[in-house]
Amino acid sequence: MESLRHQRLQPGIGYGASATGTLRSLRPGVTGTLSSAQGSHISVSASPGPPPPPPPLQLHSLGSGIMGSGFGSLDMSAGLGLSNPTNPAVLREAVDAVVRSFAKHTQGYGRVNVVEALQEFWQMKQSRGADLRNGALVVYEMVPSNNPPYVCYVSLPGGSCFGSFQFCPTKAEARRSTAKIALMNSVFNEHPSRHITDEFIEKSVCEALASFNGNREEADNPSTGIGAFRFMLESNKGKSMLEFQELMTVFQLLHWNGSLKAMRERQCSRQEVLAHYSHRALDDDMRTQMAADWVSREHTLSGTINREMAATERELEEARLAGRELRFYKEKKDILLMAVGQLAGSNTTTLPCTC
């Protein structure tokens, strides 16, 4: 029974597979199996492949979003109150103010090296006992380009991602811009108001009930949308907003890929899915399974990956310039690029353009 439950909770749409199939048959996207000679390459059966993914998840505020139809939605971009002013000038002023304040309290007055300051901030957190499973290293990624504007991304130790939010004429300036927005969010994340408490949970649930005309009984029943929302918050009591957002990135990707819908069709309950994926980190196995879904979609309808990549890059660009957390968009792009690699490895003749 436990084995069957684990199979049904696999992060893929398992097109054409029954709930009693093998674990591999329930992995996403491929109804054929992987031969040992192919290694990680994809063998696509003659079946029409998986259905298209659901439409993009419309994320509202954290307070009013719930695990709705299917397994539903939570806002992880604007709702967490991370930097997201609509006016770029306001964003720049806010970021500079936080950087100056941080410099004043840690290094004294004067010009601060934000790249060094960001790294020192996370090293300080680690020295004070923060649970950083992968260490305190801050990782930068420069987008290849021979001409400005230059774009840079940074991944924080917990997994959150930010990008340069200004026009950057040099690579060094792009790196500084990225470090500024990441430092601002890192500093804000330490404030007590940025942690999930009983008061925060109660307020958020009340707002959700009001927004969706729910009743109190729904909030106490984890099989309902609002009940699942409350269950998710209570399971993460004490965590910061960035930590919670890192967790919710997994659920956003599962929705985007069509995995949540597939799990519902396998008779998985909301509570089962939440409990299972609340303790599962995003890893290469999950990415590979989702990429395989997109390989099957591409075989079914040529150009699918190309269109999804174009939409994802637009979303990533808009979110980056708004100073928002970017991991969901970056992960989507990486999964699609992985799918392109799988297509190339299986000697597909027509590859989508990713430029």
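Starting from 1, each residue takes its place in the sequence as its number.
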[X] and [Y]: which non-hydrogen atoms are nearest, and at how many Å?
{"X": "Arg297", "Y": "Thr304", "answer": "O-OG1, 3.6 Å"}
{"X": "Ile226", "Y": "Ala208", "answer": "CD1-O, 4.0 Å"}
{"X": "Leu242", "Y": "Asn189", "answer": "N-OD1, 3.1 Å"}
{"X": "Met286", "Y": "Ala281", "answer": "CE-O, 3.9 Å"}
{"X": "Cys168", "Y": "Pro148", "answer": "O-CB, 4.0 Å"}
{"X": "His195", "Y": "Gly238", "answer": "ND1-O, 3.3 Å"}

Heavy-atom side-chain contact between [X] and [Y] under 4.5 Å:
{"X": "Leu156", "Y": "Leu118", "result": "yes"}
{"X": "Arg264", "Y": "Val273", "result": "no"}
{"X": "Thr197", "Y": "Phe200", "result": "yes"}
{"X": "Phe244", "Y": "Leu233", "result": "yes"}
{"X": "Val151", "Y": "Met142", "result": "no"}
{"X": "Leu316", "Y": "Lys332", "result": "no"}

### Message
Taking atom CG as the centre, does Asp334 end up with more than 12 heavy-atom neighbours from other residues, nucleotides or ligands that are less than 6.0 angstrom away?
### Response
yes
[X] side chain vs [Y] backbone, donor-acceptor pair below 3.5 Å:
{"X": "Asn236", "Y": "Lys239", "result": "no"}
{"X": "Glu202", "Y": "Glu199", "result": "no"}
{"X": "Gln123", "Y": "Ala136", "result": "no"}
{"X": "Glu325", "Y": "Ala319", "result": "no"}

Please step through salt bridge (charged side-chain N to carboxylate O under 4.0 Å, His left out) for the pair Glu265 and Lys261, ending with a clear verdict. CA-CA 6 Å; Glu265 292 169 352; Lys261 181 175 183 292; 2.6 Å; yes
How long is the span from the [atom1] atom in [X] to the [atom2] atom in [Y], to the nearest 0.5 Å?
{"X": "Glu190", "Y": "Asn185", "atom1": "CD", "atom2": "CG", "value": "11.5 Å"}
{"X": "Leu336", "Y": "Met290", "atom1": "CG", "atom2": "CE", "value": "11.5 Å"}
{"X": "Lys203", "Y": "Glu207", "atom1": "NZ", "atom2": "CD", "value": "5.5 Å"}
{"X": "Glu298", "Y": "Ile305", "atom1": "CD", "atom2": "CD1", "value": "4.5 Å"}
{"X": "Gln252", "Y": "Leu260", "atom1": "CD", "atom2": "CG", "value": "11.0 Å"}
{"X": "Ser296", "Y": "Leu343", "atom1": "OG", "atom2": "CG", "value": "9.5 Å"}

Does the side chain of Asp285 come under 3.5 Å of the side chain of Gln289 through a donor N or O and an acceptor N or O? yes
May I have the list of side-chain donor-acceptor pairs in residues 177-184 shorter than 3.5 Å, sequence neighbours left out?
unit_1	atom_1	unit_2	atom_2	d
Ser177	OG	Phe165	N	3.1
Ser177	OG	Gln166	OE1	3.0
Thr178	OG1	Cys152	O	3.0
Thr178	OG1	Ser164	N	3.1
Thr178	OG1	Ala174	O	2.8
Lys180	NZ	Asp96	OD1	3.4

When you check the gap from the basic side-chain N to the acidic O, do Arg176 and Glu173 get nearer than 4.0 Å? yes
Exactly one of Glu313, Arg324, Glu315, Arg320 clears side-chain hydrogen bond (donor to acceptor under 3.5 Å, both in side chains) with Tyr329, and that residue is Arg324
Subject >> Whether Tyr277 and Phe251 hold their rings parallel, tilted or perpendicular, with breakpoints at 30° and 60° >> reply: perpendicular
Residue pairs meeting side-chain hydrogen bond (donor to acceptor under 3.5 Å, both in side chains), one or both in residues 138-156, sequence neighbours left out, come to Glu141-Lys330
